[in-house]
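Note sheet for the following structure.
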Number of protein chains: 4
Amino acid sequence: MPKQKVSEQFILIESMKLFRRKSYHNTSMADIAAACGLLKGSIYHYFPSKEALMKEVIEHMHDFFNKEVFCYAYDSKLNPQERMEAMFKASKKIYLSDEGGDVLGNIGVETAIVIPEFADQIQKFFLDWLKALENVYLQITQPYEAKLLAEQTVTEIEGAVMLTRIFKNPKYLIEANKRIKDRFASFMIAEAERLNR
Amino acid sequence: MPKQKVSEQFILIESMKLFRRKSYHNTSMADIAAACGLLKGSIYHYFPSKEALMKEVIEHMHDFFNKEVFCYAYDSKLNPQERMEAMFKASKKIYLSDEGGDVLGNIGVETAIVIPEFADQIQKFFLDWLKALENVYLQITQPYEAKLLAEQTVTEIEGAVMLTRIFKNPKYLIEANKRIKDRFASFMIAEAERLNR
Amino acid sequence: MPKQKVSEQFILIESMKLFRRKSYHNTSMADIAAACGLLKGSIYHYFPSKEALMKEVIEHMHDFFNKEVFCYAYDSKLNPQERMEAMFKASKKIYLSDEGGDVLGNIGVETAIVIPEFADQIQKFFLDWLKALENVYLQITQPYEAKLLAEQTVTEIEGAVMLTRIFKNPKYLIEANKRIKDRFASFMIAEAERLNR
Amino acid sequence: MPKQKVSEQFILIESMKLFRRKSYHNTSMADIAAACGLLKGSIYHYFPSKEALMKEVIEHMHDFFNKEVFCYAYDSKLNPQERMEAMFKASKKIYLSDEGGDVLGNIGVETAIVIPEFADQIQKFFLDWLKALENVYLQITQPYEAKLLAEQTVTEIEGAVMLTRIFKNPKYLIEANKRIKDRFASFMIAEAERLNR
DNA sequence: GATGAATGAGACTTCATTCAT
DNA sequence: GATGAATGAAGTCTCATTCAT
């Protein structure tokens, strides 16, 4: 009986990399298999179809973000600023890893278009992201404002990911991060003043 | 002359719509032909290949933006605020037309990945956009600031286009527009105060 | 009423050149039209199909050879040697014209394979050629020998055309001509000796 | 291992037959697949393209001739006559096999026209053939003569293949073989006399 | 007669997927 | 579990042919 050459996890990671770098369409099952040291047919022992594999990739990223990034938004041991910092730090290693490929931003859009069922998953990811940010902003401002700030933050990051990709230049992402932090700081100060009064 | 069912322009427009809605890869030449009331092979009377067609679509959009949107940035008959307003107004009908498809944002990213030569064209589009915005911001602030503001503006719009797409909800774009306008107004006021002093 | 831009003859000649240079399959109706200063559809005013056009090309060449080359084989005003010389001279301008393209040799083989009906025509051409040569050789040798010599002559010329084409070097044809002439001369001498006895 | 219906060799042979019988252009990948009991797409497991397949067919024939035919020209255990005999015998089974299709003669010409890269390969085949024959003739005559005789021999065989094909009658090839042998014999005798003197 | 847009069959090719080994 | 040959649908593209103008 042949031994298992790879793990499901491994295939997930490798295919994620490929999807990010080359897009869903430009990545063939053979590419994925090759990246895993397998041959075409073998992927099907782990995932029933390319579509299913993609769905698990999305879910895997979603889980990862929930556990490694978004969680800090709810970490009562941290103050608001520390929560933001922690999220930034955790996500940065993802955004800037692997040739600047983003996570669910660009993949998301391409993918959401391709197969309707992907759209739901992608939306859920962004909803969790928005909710996490909103939760942090809620600590320093009013509910309506917090929601808008969360939306603005996601908007800027996703736009920056796109420009970073198009120009192959990370500065857009770096600038966006800076703006978000500065904005956060100014809200912190305003809130501090409000409380001081 | 034989019965001409379609014009090159018409094919360009129809394929642009499809590329926007379904992405480059998910749009087949047969789809495009069908959208034009033609059969597969007939598209090849107008464009030598799918790739060439895509390139012309991109160029067409670029031209369109140059002539209908970016031009206002250099219109000396308008004051800075009017220039921004004019650009917003002109672009809005594009962003929000046709199922909320964006212009060169999402197409751009997918496409830039697929075929290297697309990347150049896409970059050029964004460079013209950035230059136009920078030119307007230059009227109300310092050069370095103007450049950053231009980048922020494009970043926000592109991110908003993406979220609008993912959630099929135009509010992200509307909010982004509002933020950009407000930011612009605050710079206008600051500049006015500086001059008053 | 539009005037006739070209003659049927003209199209025949131009398509013959193309077929010789690029082969039947690699020559499109558009190529032929372009060579004639026309557009695709217009060829169909003169010839009902590509196949029919090819057939007329073959027939045209056959006629041409009958009238301009093979005729000398039966010209009672010439002696055997003069007949051979005349045929050589007349055919040379064809063999060596137009980038060394042959006449019905290589086209013939390709074409005979493609469409069975071409095969008949091609055979008829070669039969007339063989008959003409046989008739000349009959003047200087016995019937059986004459037939073999005719066959050898056609064989050598066609093989030489092929090699000339493959190596893009006319020497094979030149050498073949020389051999044929020498062989003819030696038969002339033998015949003269026989008569002298 | 999965059920392997065919081998690379098998596809090579089958496609060679088809190319010979129907020419390169008239043979579709579907034809080849069908001849192998496969479906269109399956051929691509063995050969990346039709062109590549053709190149391997040519190479395969070239190799075959080198190993099975031309080799006798250099076999020091044989005298000149035996070398010629061996080459004839070995090649005959190819020339006359399979509906009288030739080897690289007619295919060669058609193919050399179609794709320039084929031309090189075809030339190389003929160069090896010429070289082999020249080597044999060198044993019985002077260098210049040997070269001419080699060229004549190839010329005659190729021309004979063509006529055999056109008339679907092997007699042209048989006659050519006879002439070549007789010519060889007469040179042998001349050489023997020269040495006797 | 000339045009050239449109057709539609068919070619080459790719690739997700299946399955016998 | 792994293989990789085979499948078959679908995609891009070519081209002989038709026909309204």
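Letters A, B, ... mirror the listed sequences (proteins, then strands); counts begin at 1. Since we're looking at a predicted model, the values are computed, not measured.
Between D:F47 atom CZ and E:dC12 atom P the separation is 15 Å, expressed in whole Å. For the pair B:L39 CG and F:dC19 C1', the computed distance is 15 Å after rounding to whole Å. Between D:L38 atom CG and E:dC12 atom C1' there is a gap of 16 Å when expressed in whole angstrom units. Between D:I43 atom CD1 and E:dT14 atom P the separation is 14 Å, expressed in whole Å.
In this structure C:F118 satisfies the ring pair (Phe, Tyr, Trp, His ring centres under 6.0 Å) test together with C:Y24, sequence neighbours excluded. When the side chain to side chain contact (heavy atoms under 4.5 Å, CB included) test is applied to B:S42, the partners found at least two apart in sequence or on another chain are B:L38, B:L39. The side chain to side chain contact (heavy atoms under 4.5 Å, CB included) search around A:A52 returns A:P48, A:S49, not counting sequence neighbours. In this view, C:S28 and C:D31 satisfy the side chain to side chain donor-acceptor pair (under 3.5 Å) rule, not counting sequence neighbours. For A:A35, the side chain to side chain contact (heavy atoms under 4.5 Å, CB included) test picks out A:E14, A:L18, with sequence neighbours left out. In this structure, the side chain to side chain donor-acceptor pair (under 3.5 Å) partners of A:E117, at least two apart in sequence or on a different chain, are A:K55. Residues passing the side chain to side chain contact (heavy atoms under 4.5 Å, CB included) test with C:D120, sequence neighbours excluded: none.
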(request) Let me have DNA chain E in dot-bracket notation, would you? Count Watson-Crick plus G-U wobble pairs, both distances under 3.5 Å, and use [ ] for pairs crossing earlier ones and | for inter-strand partners. (result) .||||||||||||||||||||
(request) Between protein and nucleotides 9-15 of chain F, map the contacts as a letter string: B base, S sugar-phosphate only, - none, heavy atoms under 4.0 Å, written 5' to 3'. (result) -BSBBB-
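Nucleic acid contact for C:Y46: sugar-phosphate only, since backbone atoms but no base atoms lie under 4.0 Å from a heavy atom of the residue.
No side-chain donor-acceptor contact under 3.5 Å links B:S23 to the backbone of B:F19.
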